[in-house]
Amino acid sequence: MSTLPESPGAQSRPPVLVLGATGDLGSAVARRLSADGTPVIVHGYSRTTELAYLADETGALARVEADLTTDDGVDALAETLAGFETLSGLINCSGINPSPDTVAEIDQAEWQLTLDLNLTSAWRTASLALPKLRAARSGAVVLVSSVFGIRTPSRRGAYGVSKHALTGLAQAIAQEEEGIVRANVVAPGPMWSESSRQVFVKHARKEGVTVDQYISYRAARIPGHRFVTADAVAKVCVFLASDVAGAINGQCIVADGGEY
């Protein structure tokens with residue numbers, strides 16, 4: 001855990017906590033918030049150098065390196081948040097896309113890790129952030145799900161289950177916070193990046209096709225035959241975390257470029 005010096009005027013608006021900020025979407029969210037003048041707290045795990053660079057680039061008020069599937073990791077995040085009276089938002093981009101095994105094939109360890117990171121850590125970190133968001137009297141939680149959290153195809157069982165549950169978590173928060181804190185879910189379609197290509201490699205092998213064939217198949221289902229970008233989805237996340245989206249609560253917003 002590391003806390004950085006505050007920049008001038010940084011506390012004019014409470015910061016937004018961005019979890020999973022070293023991933024493609026998380027880093028795009030942090031950069032988008034910073035460009036809009038919103039202070040950020042950034043979290044990542046294992047990619048220490050990338051997290052330090054992102055914190056410097058965005059002028060982050062703090063950075064946290066922690067494994068949020070562990071008690072120590074959650075404690076490290078709690079320690080950092082203790083230094084802030086309020087938050088204006090929590091955008092959770094943390095997650096794992098496991099091996100494309102069937103329900104019958106996946107082993108218990110991988111199933112449990114998927115639920116621990118994609119779902120349980122989302123609940124634990126939201127419970128930490130909610131008092132800070134409530135104190136701001138106008139806070140927002142944005143949980144990043146997936147189109148597979150709306151309809152789960154074959155070989156996405158663990159992933160789909162964990163992402164489906166995020167909508168239930170957001171809806172519970174929306175009802176319990178009575179409009180003081182809003183909570184919504186963003187369900188992206190596939191976002192093009194080198195890391196997503198590596199996921200496509202695994203799926204192509206399981207399907208018995210080449211990577212290019214698998215990519216072409218997925219792209220053909222999207223109008224314009226192109227994947228959404230991380231920055232395009234980041235704009236949706238930032239919008240939902242802003243006061244402009246004050247009428248949107250307990251919803252799942254699909255951001256897939258029209259793939260249906």
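All values below were derived from every heavy atom in this structure, side-chain atoms included, with hydrogens, water molecules and symmetry-related copies excluded. Keep in mind that this is a model prediction, so the values were computed, not measured.
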Give a yes or no on whether a salt bridge exists between [X] and [Y], defined as a side-chain N under 4.0 angstrom from a carboxylate O.
| X | Y | answer |
| --- | --- | --- |
| E177 | R134 | yes |
| K206 | E105 | yes |
| D243 | R182 | no |

Any chance the side chains of E50 and T22 put a donor and an acceptor closer than 3.5 Å? no
For residues R13 and T38, is any side-chain donor paired with an opposing acceptor at under 3.5 Å? yes
Which is it for H43 and R63 under the side chain to side chain contact (heavy atoms under 4.5 Å, CB included) test, yes or no, and what are the steps along the way? CA-CA 6 Å; H43 156 267; R63 67 175 183 264; over 6 Å; no
According to a 4.5 Å side-chain heavy-atom criterion applied to Ile, Leu, Val, Met, Phe, Trp and Tyr, with indirect links allowed, do [X] and [Y] form part of one hydrophobic cluster?
| X | Y | result |
| --- | --- | --- |
| V16 | V144 | yes |
| L54 | L19 | no |
| V142 | L77 | no |

Out of curiosity, N184 CG to L143 CG, how far, rounded to the nearest 0.5 Å? 9.0 Å
Atom CG of L128 and atom CG of L68: how far apart are they, to the nearest 0.5 Å? 9.0 Å
Okay, side chain of Q175, backbone of A172: is any donor-acceptor separation there less than 3.5 Å? no
What I'd like to find out is whether the side chain of V254 reaches to under 4.5 Å of the side chain of V147, using heavy atoms alone. yes
Residues at least two apart in sequence or cross-chain that pass salt bridge (charged side-chain N to carboxylate O under 4.0 Å, His left out) with D231, listed by chain then number, are R32, K235
Might you work through the side chain to side chain contact (heavy atoms under 4.5 Å, CB included) test for N118 and Y159, ending with a clear yes or no? CA-CA 8 Å; N118 291 1; Y159 186 70; 3.7 Å; yes
Could you check whether F227 and F200 have their ring centres less than 6.0 Å apart? yes
